[in-house]
Undergrad: 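I have a structure here, written as structure tokens, and I will follow up with some questions on it.
Values reported hereafter were calculated over all heavy atoms of this structure, with side chains retained and with hydrogens, waters and symmetry mates removed. Keep in mind it's a predicted model, so treat the numbers as computed, not measured.
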Amino acid sequence: MPLRPVQVNIKALDPPAVGRFWAEALGWTAYSPGVTTYVGPAGGPVWPDPVEICVDVVPVPEAKPAAKNRTHLDLATTSAAHQAELVARLTEHGARRVDVGQGEVPWTVLADPEGNEFCVLEPREVYRDTGPLAAIVVDCADPRAMARFWGEAMGWTAHEVTDGLAVLRSARGTGPYLEFLRTPAAGNTPDRLHLDLLPHPGDDQAAEVSRLRDLGATPVDLGQGDVPWVCLADPEGHEFCVLGTH
């Protein structure tokens with residue numbers, strides 16, 4: 001059975017600080033149940049969240065390299081005033097404007113306090129019901145191939161697939177979109193952001209990993225050691241993890 005994306009994993013030198021930033025960005029709450037900082041809707045940590053793809057900030061000893069992340073988050077806004085207010089508020093909380101070659105565009109490109117790029121979008125009708133996280137955007141060389149792999153991996157529906165862009169969303173029509181943007185110079189360096197996928201209740205983690213390998217995923221060693229999750233990379237080298245069910 002296809003896997004469910006449950007969280008965006010963000011590596012950070014200071015997980016509590018980065019978690020607080022993303023809680024501010026998404027209008028959620030940062031929880032620190034252990035070594036990681038989990039960011040999800042208010043009301044107490046619920047894992048996995050039944051609707052949202054949340055954020056889990058994990059500690060690493062290395063700072064982000066200068067190269068642009070291949071994966072970034074797009075934040076939704078409801079009006080021009082909301083967009084301006086969110087940009088101003090996040091700047092006060094440590095974000096900075098960055099130039100990734102975007103030129104003159106109606107969205108604002110920022111980086112979080114540890115340099116992870118993200119976009120605050122202008123209001124768009126397509127994202128009116130996504131919640132605060134509009135899209136998880138991945139640079140790639142072949143959007144069509146990525147749509148095939150990730151559509152099979154997660155059972156998500158393709159809303160648009162071209163040579164330049166592939167757009168997927170949960171078949172339930174809820175939560176953010178997953179978008180693959182053709183970026184020939186994206187490179188293949190390890191990312192600071194990746195998706196964590198969870199088998200559905202009753203499904204077997206090992207069987208799901210085997211299914212993903214048949215689709216073209218490969219094992220990767222991120223220095224994770226002996227852990228209950230499995231680290232893989234998709235056919236273009238984007239890392240992700242298949243979590244255990246317990």
Undergrad: Using a 4.5 Å cut-off on heavy atoms from C-beta on, say whether the side chain of Val220 contacts that of Cys231.
TA: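 The answer is yes; the side chains approach within 4.5 Å.
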
Undergrad: Taking atom OG1 of Thr77 and atom CG of Leu121, what is their separation to the nearest 0.5 Å?
TA: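 Thr77 OG1 to Leu121 CG: 6.5 Å, rounded to 0.5 Å.
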
Undergrad: Checking the side chain of Arg148 only, and the main-chain atoms of Pro143 only, is there a donor and an acceptor separated by less than 3.5 Å?
TA: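 Absent.
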
Undergrad: How long is the straight-line distance from CE of Met154 back to CZ of Phe240, given to the nearest 0.5 Å?
TA: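 Between Phe240 CZ and Met154 CE, I get 10.0 Å after rounding to 0.5 Å.
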
Undergrad: To the nearest 0.5 Å, what is the distance between CH2 on Trp229 and CG on Asp196?
TA: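 Those atoms lie 8.5 Å apart.
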
Undergrad: Any side-chain heavy atom of Trp47 sitting closer than 4.5 Å to one from Gln7?
TA: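 In contact.
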
Undergrad: Looking at Asp191, is its backbone amide N or carbonyl O close enough to the side chain of His238 to form a donor-acceptor pair, meaning the two atoms are under 3.5 Å apart?
TA: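 No; judged by distance alone, with no hydrogens or angles, the pair does not exist.
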
Undergrad: Report whether Leu3 and Val209 are members of the same hydrophobic cluster (ILVMFWY, side-chain heavy atoms less than 4.5 Å apart, transitive linking).
TA: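 Yes, Leu3 connects to Val209 through the hydrophobic network.
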
Undergrad: Please report the interatomic distance CG(Leu212) to CD(Glu152), rounded to the nearest 0.5 Å.
TA: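 So the CG of Leu212 and the CD of Glu152 are separated by 10.0 Å.
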
Undergrad: Taking the side chain as every heavy atom from C-beta outward, state whether Pro5 and Trp156 have any pair of such atoms under 4.5 Å apart.
TA: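 Yes - at least one pair of side-chain heavy atoms lies under 4.5 Å apart.
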
Undergrad: Using the rule that two of Ile, Leu, Val, Met, Phe, Trp, Tyr join whenever any of their side-chain heavy atoms come within less than 4.5 Å, decide whether Leu232 and Ile136 are in one cluster.
TA: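 Yes, it is one cluster - the side chains of Leu232 and Ile136 are joined through contacts under 4.5 Å.
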
Undergrad: Checking side chain to side chain contact (heavy atoms under 4.5 Å, CB included) for the pair Leu195/Val8: CA distance, chi angles, key distance, verdict?
TA: CA-CA 5 Å; Leu195 277 172; Val8 176; 4.2 Å; yes

Undergrad: Hey, does Lys11 have a side-chain heavy atom less than 4.5 Å from the side chain of Val57?
TA: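 Of all side-chain heavy-atom pairs linking Lys11 with Val57, none is under 4.5 Å.
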
Undergrad: Is there a continuous path of hydrophobic side-chain contacts, each under 4.5 Å between heavy atoms, that joins Ile10 to Leu243?
TA: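 Not linked; separate clusters.
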
Undergrad: With sequence neighbours excluded, what pairs up with Tyr31 under the ring-ring contact (aromatic ring centres under 6.0 Å, His included) test?
TA: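 Tyr31 satisfies ring-ring contact (aromatic ring centres under 6.0 Å, His included) with no other residue.
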
Undergrad: Please round to the nearest 0.5 Å and tell me the distance separating atom CG of Leu181 and atom CE of Met146.
TA: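 Leu181 CG to Met146 CE: 13.5 Å, rounded to 0.5 Å.
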
Undergrad: Taking NZ, NE, NH1 and NH2 as the nitrogens, is one of them in Glu239 or Arg192 under 4.0 Å from a carboxylate oxygen of the other?
TA: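 Salt bridge flag = no for Arg192 with Glu239.
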
Undergrad: Which heavy atom in Glu117 sits nearest to a heavy atom in Lys68, and how many Å separate them?
TA: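 Closest pair (atom of Glu117, atom of Lys68, distance): OE2-CA, 3.4 Å.
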
Undergrad: Going by the ring-ring contact (aromatic ring centres under 6.0 Å, His included) test, which pairs reach into residues 61-118, not counting sequence neighbours?
TA: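 For residues 61-118, and leaving out neighbouring residues, the ring-ring contact (aromatic ring centres under 6.0 Å, His included) pairs sorted by first residue read Phe21-Phe118, Trp22-Phe118.
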
Undergrad: Any side-chain heavy-atom pair from Pro16 and Thr37 closer than 4.5 angstrom?
TA: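 The answer is yes; the side chains approach within 4.5 Å.
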
Undergrad: Within this structure, what is the OG1-CG distance for the pair Thr108 and Leu75, rounded to the nearest 0.5 Å?
TA: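 If we round to the nearest 0.5 Å, Thr108:OG1 and Leu75:CG are 10.5 Å apart.
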
Undergrad: Keeping to residues at least two apart or across chains, list the side chain to side chain donor-acceptor pair (under 3.5 Å) pairs with something in residues 198-207.
TA: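 For residues 198-207, and leaving out neighbouring residues, there are no side chain to side chain donor-acceptor pair (under 3.5 Å) pairs at all.
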
Undergrad: Taking the side chain as every heavy atom from C-beta outward, state whether Val126 and Tyr177 have any atom pair closer than 4.5 Å.
TA: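 Val126 reaches Tyr177 side chain to side chain.
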
Undergrad: Test your reading of the model: is there a side-chain donor-acceptor pair from Glu52 to the backbone of Pro48, 3.5 Å cut-off?
TA: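 Absent.
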
Undergrad: Counting N and O atoms only, with roles assigned by atom type, does the side chain of Arg144 sit under 3.5 Å from a partner on the main chain of Leu165, one being a donor and the other an acceptor?
TA: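 No; judged by distance alone, with no hydrogens or angles, the pair does not exist.
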
Undergrad: For Arg89, is there an ion pair with Glu85 - N to carboxylate O distance below 4.0 angstrom?
TA: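 Judged by the 4.0 Å cut-off on N to carboxylate O distance, Glu85 and Arg89 do form a salt bridge.
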
Undergrad: Mark yes or no for whether Gln83, through its side chain, and Pro106, through its backbone, hold a donor-acceptor pair below 3.5 Å.
TA: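 Confirmed, Gln83 side chain pairs with Pro106 backbone.
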
Undergrad: Would you check if the side chain of Thr91 reaches a backbone N or O of Val87 as a donor-acceptor pair within less than 3.5 Å?
TA: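 Yes; at least one donor-acceptor contact below 3.5 Å.
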
Undergrad: Run Asn9 and Val58 through side chain to side chain contact (heavy atoms under 4.5 Å, CB included) and show every step you take.
TA: CA-CA 7 Å; Asn9 183 297; Val58 303; 3.5 Å; yes

Undergrad: Would you say Ser32's side chain and Gly34's backbone share a donor-acceptor pair under 3.5 angstrom?
TA: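 Side chain of Ser32 to backbone of Gly34, a donor-acceptor pair under 3.5 Å: no, none is there.
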
Undergrad: Taking Asp112 first and then Arg96, would you say they form a salt bridge - that is, a charged N and a carboxylate O separated by under 4.0 Å?
TA: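 Salt bridge between Asp112 and Arg96, a charged N being under 4.0 Å from a carboxylate O: no.
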
Undergrad: Establish whether Val100 and Leu73 are linked, either directly or via other cluster members, by ILVMFWY side-chain heavy-atom contacts under 4.5 Å.
TA: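 Unlinked, Val100 and Leu73 end up in two clusters.
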
Undergrad: Carefully, step by step, assess Glu24 and Leu90 under the rule side chain to side chain contact (heavy atoms under 4.5 Å, CB included).
TA: CA-CA 7 Å; Glu24 186 70 31; Leu90 294 182; 4.0 Å; yes

Undergrad: If you apply the rule side chain to side chain contact (heavy atoms under 4.5 Å, CB included), what do you find for Lys64 with Asn116, and how did you get there?
TA: CA-CA 8 Å; Lys64 177 186 178 294; Asn116 299 299; 3.6 Å; yes

Undergrad: State whether the side chain of Tyr38 and the backbone N or O of Val46 hold a donor-acceptor pair below 3.5 Å, judged by distance alone.
TA: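 Yes: the side chain of Tyr38 pairs with the backbone of Val46.
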
Undergrad: When you measure from the side chain of Glu114 to the backbone N and O of Asp14, does any donor-acceptor pair fall under 3.5 Å?
TA: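 Pair found, side chain donor or acceptor close to backbone of Asp14.
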
Undergrad: For the side chain of Arg20 and the backbone of Thr29, is there at least one donor-acceptor N/O pair under 3.5 Å apart?
TA: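 No: the side chain of Arg20 does not pair with the backbone of Thr29.
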
Undergrad: Assigning hydrophobic clusters by single linkage (Ile, Leu, Val, Met, Phe, Trp, Tyr; side-chain heavy-atom cutoff under 4.5 Å), is Leu198 placed with Val55?
TA: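 Leu198 and Val55: separate clusters.
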
Undergrad: Hey, are the side chains of Val6 and Leu197 touching, using non-hydrogen atoms and a 4.5 Å cut-off?
TA: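 No, side chains not in contact.
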
Undergrad: Looking at Arg169 and Asp129, is any side-chain nitrogen of the basic one under 4.0 Å from a carboxylate oxygen of the acidic one?
TA: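 The answer is yes: the pair qualifies as a salt bridge.
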
Undergrad: Are Asp142 and Arg182 close enough for a salt bridge, meaning some N to O gap below 4.0 Å?
TA: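 Looking at Arg182 together with Asp142, the answer is no, because their closest N to O distance does not fall below 4.0 Å.
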
